[in-house]
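All values below were derived from every heavy atom in this structure, side-chain atoms included, with hydrogens, water molecules and symmetry-related copies excluded.
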Amino acid sequence: METGNFVISLDFELLWGVRDKVGIAQYGEHIKGVHKVIPRLLENFNEYHVKATFAIVGFLFFETKSELLNNLPDRLPCYIDKSLSPYTGHFDIVGDNFETDLYHFAPRQIRLIQKYPEHEIGSHTFSHYYCLEKGQTIEDFKSDILNAQRVAGKFGIKLTSLVFPRNQYNDEYLSVCKEMGLTCCRGNEISWIYKALNAESESLFRRAIRLIDAYINISGHNCYAIDSLKSKYTINIPSSRFLRPYTIKLKALEKLRLNRIKSGMTYAAKNNRTYHLWWHPHNFGINQDENFAFLEKILLHYKILNREYGFQSRTMSELAKQIL
């Protein structure tokens with residue numbers, strides 16, 4: 001019997017998604033908070049019997065800077081905008097090891113996730129690779145993913161799912177994903193406001209509309225029938241909603257934000273569709289109690305939908321296997 005599916009994916013990247021000294025000043029507390037967030041997430045997911053895909057940047061697997069530097073890909077991305085590359089200067093602010101640098105390493109957290117085998121460890125590429133930025137090539141991408149598989153393999157992990165950094169979904173690169181053994185990836189919502197673009201092409205207007213869409217239904221529920229996901233290999237499992245973090249400035253709108261997500265989940269459960277929720281662990285890095293209280297309401301709603309409609313929690317790769 002076909003049922004609706006509830007998919008959660010988390011983009012686990014620490015500071016590799018920011019890559020500058022200003023980033024530490026602006027996001028340092030968010031990033032450091034991740035090391036407390038991961039255990040709390042695992043406890044919450046376990047309590048509500050919810051599975052998740054943790055898409056992890058390959059750099060995070062290392063224990064020391066020297067180990068990282070000795071295991072770089074054969075090809076490096078040649079972004080025209082050099083500030084996008086971690087290989088051009090960012091290593092200068094990386095600490096010696098995971099004990100002293102909470103911004104760039106997470107082997108302890110990865111091993112903790114592995115203790116919960118119901119969850120999946122997927123790839124967020126090796127270097128937080130940008131698939132739509134000018135200068136990089138499909139050969140560079142292949143080298144990056146090959147290295148991501150190699151470093152994950154040292155943890156006994158075979159990567160089968162991918163989340164494109166900054167949601168720069170690139171349909172042309174799916175052939176590489178297939179070749180590298182990735183059965184599924186996370187695409188973007190089917191709406192012009194979520195269309196994959198590089199940083200140069202992004203606009204403040206689109207960002208503003210996406211913010212409004214988090215509270216008021218502009219783009220629809222963004223739920224997907226299984227038949228619509230069968231068209232290609234690697235399977236594209238598009239996002240339904242980004243779980244925006246709590247912010248005091250928008251506290252009065254929290255009920256709208258929650259109802260936006262719950263209504264989409266309910267629609268998916270009633271109509272045997274897939275609802276895909278995602279966020280970054282560092283989004284919960286500050287205001288942790290408020291963020292976890294909000295998440296618990298979502299997970300409780302999942303339990304209700306599971307009981308009433310058979311709504312099922314699945315990892316990305318589990319859903320891809322079901323589709324295939």
Side-chain angles (χ1 to χ4, degrees), residues 8-47 50-65 67-68 86 90-91 93-116 119-129 148 151-152 155 157 159 161 163-167 186 242-248 277-296 298-299 315-316:
I8 288 178
S9 59
L10 296 114
D11 303 8
F12 193 175
E13 60 195 40
L14 295 186
L15 200 64
W16 294 109
V18 182
R19 297 182 184 165
D20 55 37
K21 294 179 182 179
V22 175
I24 291 180
Q26 293 180 344
Y27 298 105
E29 293 305 310
H30 297 74
I31 301 299
K32 287 193 293 186
V34 169
H35 300 277
K36 295 181 179 179
V37 165
I38 294 298
R40 288 187 70 173
L41 283 173
L42 293 169
E43 290 173 5
N44 274 248
F45 292 154
N46 185 60
E47 180 180 354
V50 168
K51 303 175 183 180
T53 295
F54 290 82
I56 303 178
V57 168
F59 286 153
L60 302 187
F61 285 82
F62 295 105
E63 295 192 357
T64 67
K65 180 177 180 178
E67 183 187 10
L68 189 164
H90 189 82
F91 288 142
I93 65 170
V94 175
D96 289 335
N97 58 61
F98 77 97
E99 296 281 3
T100 59
D101 185 342
L102 297 178
Y103 301 113
H104 297 98
F105 304 102
R108 186 176 291 163
Q109 286 66 42
I110 295 171
R111 292 192 178 96
L112 179 61
I113 296 169
Q114 286 186 286
K115 293 181 179 179
Y116 295 78
H119 300 309
E120 172 190 17
I121 291 179
S123 179
H124 202 33
T125 71
F126 180 72
S127 64
H128 205 262
Y129 188 101
V151 68
F155 279 64
I157 299 167
L159 301 171
S161 63
V163 169
F164 290 94
R166 293 191 183 173
N167 295 315
R186 189 184 74 210
F242 169 53
L243 177 55
R244 290 185 176 273
Y246 171 87
T247 173
I248 188 67
L277 185 69
W278 73 278
W279 69 100
H280 309 87
H282 69 249
N283 294 139
F284 280 24
I286 64 171
N287 300 315
Q288 289 194 22
D289 290 342
E290 291 84 356
N291 281 308
F292 275 99
F294 191 91
L295 175 62
E296 191 163 12
I298 294 172
L299 300 182
T315 65
M316 287 175 60

Could you tell me whether the side chain of Trp16 and the main chain of His104 form a donor-acceptor pair under 3.5 Å?
-> yes
Answer yes or no: is there a donor N or O on one side and an acceptor on the other, between the side chain of His30 and the main chain of Gly285, under 3.5 Å?
-> no
So, do [X] and [Y] sit near enough that their side-chain heavy atoms are less than 4.5 Å apart?
X: Phe155; Y: Arg111; result: yes
X: Leu295; Y: Leu41; result: yes
X: Ile248; Y: Glu290; result: no
X: Leu14; Y: Val57; result: no
X: Phe61; Y: Leu68; result: no
X: Phe12; Y: Val34; result: yes
X: Asn167; Y: Phe242; result: no

Please report the interatomic distance [atom1]([X]) to [atom2]([Y]), rounded to the nearest 0.5 Å.
X: Ile8; Y: Leu299; atom1: CD1; atom2: CG; value: 6.0 Å
X: Lys65; Y: Ile93; atom1: NZ; atom2: CD1; value: 9.5 Å
X: Ile157; Y: Ile110; atom1: CD1; atom2: CD1; value: 6.5 Å
X: Phe164; Y: Thr125; atom1: CZ; atom2: OG1; value: 9.5 Å
X: Leu42; Y: Gln109; atom1: CG; atom2: CD; value: 10.0 Å
X: Tyr116; Y: Phe54; atom1: OH; atom2: CZ; value: 10.0 Å

Test side-chain contact (heavy atoms from CB on, under 4.5 Å) applied to Lys32 - qualifying residues, sequence neighbours left out | Glu29, Leu102, Tyr103
Name of the residue among Leu60, Val94, Thr64 meeting side-chain contact (heavy atoms from CB on, under 4.5 Å) with Phe105 = Val94
So which atom in [X] and which in [Y] form the shortest heavy-atom distance, rounded to 0.1 Å?
X: Glu120; Y: Ser161; answer: OE2-OG, 2.8 Å
X: Pro107; Y: Glu63; answer: CG-CG, 3.8 Å
X: Arg186; Y: Ser9; answer: NH1-OG, 2.9 Å
X: Pro245; Y: Asn283; answer: CB-O, 3.1 Å
X: Ser123; Y: Ala148; answer: OG-CB, 3.9 Å
X: Leu243; Y: Ile298; answer: CD1-CD1, 3.9 Å

Any salt bridge (Lys or Arg N to Asp or Glu O under 4.0 Å) involving residues 93-102? Give me the pairs, sequence neighbours left out, ordered by first then second residue.
-> Glu99-Arg108
Taking the six-membered ring for Trp, is the centroid-to-centroid distance between Tyr246 and Phe294 below 6.0 Å?
-> no
Classify the angle between the aromatic ring planes of Trp278 and His280 as parallel (below 30°), tilted (30 to 60°) or perpendicular (above 60°).
-> perpendicular
So, is the end of the Arg40 side chain (NZ or CZ) under 6.0 Å from the ring centre of Phe284 and within 45° of the ring's axis?
-> no
